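Have a look at the structure below, then the notes.
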Amino acid sequence: MPESAEFAALPDVLATGYLVGIVEWTCIRALTDRLNDAERTLGIHVDLSHEAPTPPGADLTVEVELVSVEGRRLTFSVRASDDAGVVCRGTHQRAVIDVARFTDRLAARTGGRGDGQVGAAGH
């Protein structure tokens, strides 16, 4: 999609989709060493503002805090800023999955297609 004429016509700033990906990545990294080897997390809900543009070359700082654990559902409070101020704030939820169980469920849903691997990014 970035190669589409509509995207090419947009100003050269951090796109919302990429911002969401950076927030997800930060939450995943915040859980490093907190999950066992058989577990990963998958994003299940995003509620983020995108309040200001971030130009190329600007440093983006993303702060996340795990504010709620309800069973396997994790809720993070999120805030991102650059040198000029707040860029984004909101919440992001992730679900803890057992990789083997998830892979089995995915295979059943897709008729067994795929390699049965769950990526480390786990979005």
Side-chain angles (χ1 to χ4, degrees):
M1 286 193 309
E3 63 277 355
S4 73
E6 293 84 0
F7 277 104
L10 295 175
D12 192 15
V13 295
L14 180 64
T16 303
Y18 287 106
L19 179 60
V20 170
I22 292 167
V23 165
E24 280 201 279
W25 182 36
T26 305
C27 292
I28 291 166
R29 295 203 48 166
L31 296 168
T32 300
D33 299 327
R34 294 181 179 228
L35 302 173
N36 70 44
D37 290 342
E39 295 175 320
R40 301 286 185 279
T41 63
L42 298 177
I44 58 172
H45 188 82
V46 177
D47 185 6
L48 301 175
S49 63
H50 193 171
E51 302 174 21
T54 301
D59 288 327
L60 184 70
T61 301
V62 180
E63 300 169 349
V64 302
E65 179 184 1
L66 181 59
V67 295
S68 174
V69 177
E70 298 175 22
R72 295 178 99 36
R73 183 180 298 229
L74 312 174
T75 301
F76 292 86
S77 174
V78 175
R79 183 177 186 274
S81 57
D82 60 19
D83 294 335
V86 173
V87 172
C88 138
R89 61 183 116 209
T91 59
H92 174 48
Q93 293 182 340
R94 302 192 66 76
V96 177
I97 62 154
D98 176 275
V99 173
R101 284 187 56 208
F102 183 85
T103 302
D104 289 345
R105 287 180 59 202
L106 181 60
R109 186 171 171 87
T110 62
R113 294 186 314 272
D115 62 8
Q117 300 292 317
V118 175
H123 27 286

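Predicted model only: the values in this text are computed from it and were never measured. Just the heavy atoms: all of them, side chains too, but no hydrogens, waters or symmetry mates, feed the values below.
When the salt bridge (Lys or Arg N to Asp or Glu O under 4.0 Å) test is applied to E65, no partner is found at least two apart in sequence or on another chain. By the side chain to side chain donor-acceptor pair (under 3.5 Å) test, T75 pairs with Q93, sequence neighbours left out. Taking the side chain to side chain donor-acceptor pair (under 3.5 Å) definition, one finds that R34 meets it with nothing, sequence neighbours left out. With sequence neighbours excluded, the residues that form a side chain to side chain donor-acceptor pair (under 3.5 Å) with T54 are D82. In this view, S77 satisfies the side chain to side chain donor-acceptor pair (under 3.5 Å) rule with no residue, not counting sequence neighbours. Listed by chain and residue number, T16, L19, V87 satisfy the side-chain contact (heavy atoms from CB on, under 4.5 Å) test with H50 (two or more places apart in sequence, or in another chain). When the side-chain contact (heavy atoms from CB on, under 4.5 Å) test is applied to R72, the partners found at least two apart in sequence or on another chain are E39, V96, D98. Taking the side-chain contact (heavy atoms from CB on, under 4.5 Å) definition, one finds that D59 meets it with nothing, sequence neighbours left out. The side-chain contact (heavy atoms from CB on, under 4.5 Å) search around I22 returns L14, T26, L60, V62, not counting sequence neighbours.
Atom NE2 of H92 is separated from atom CD1 of I44 by 8.5 Å, given to the nearest 0.5 angstrom.
Residue pairs meeting the salt bridge (charged side-chain N to carboxylate O under 4.0 Å, His left out) criterion with at least one member in residues 9-22, sequence neighbours excluded, do not occur. Residue pairs meeting the salt bridge (charged side-chain N to carboxylate O under 4.0 Å, His left out) criterion with at least one partner in residues 41-50, sequence neighbours excluded, do not occur; the list is empty.
Nearest approach of G43 to E24, heavy atoms of both residues: CA-OE2, 3.5 Å.
Side-chain atoms of H45 do not come within 3.5 Å of backbone N or O of R94 as any donor-acceptor pair.
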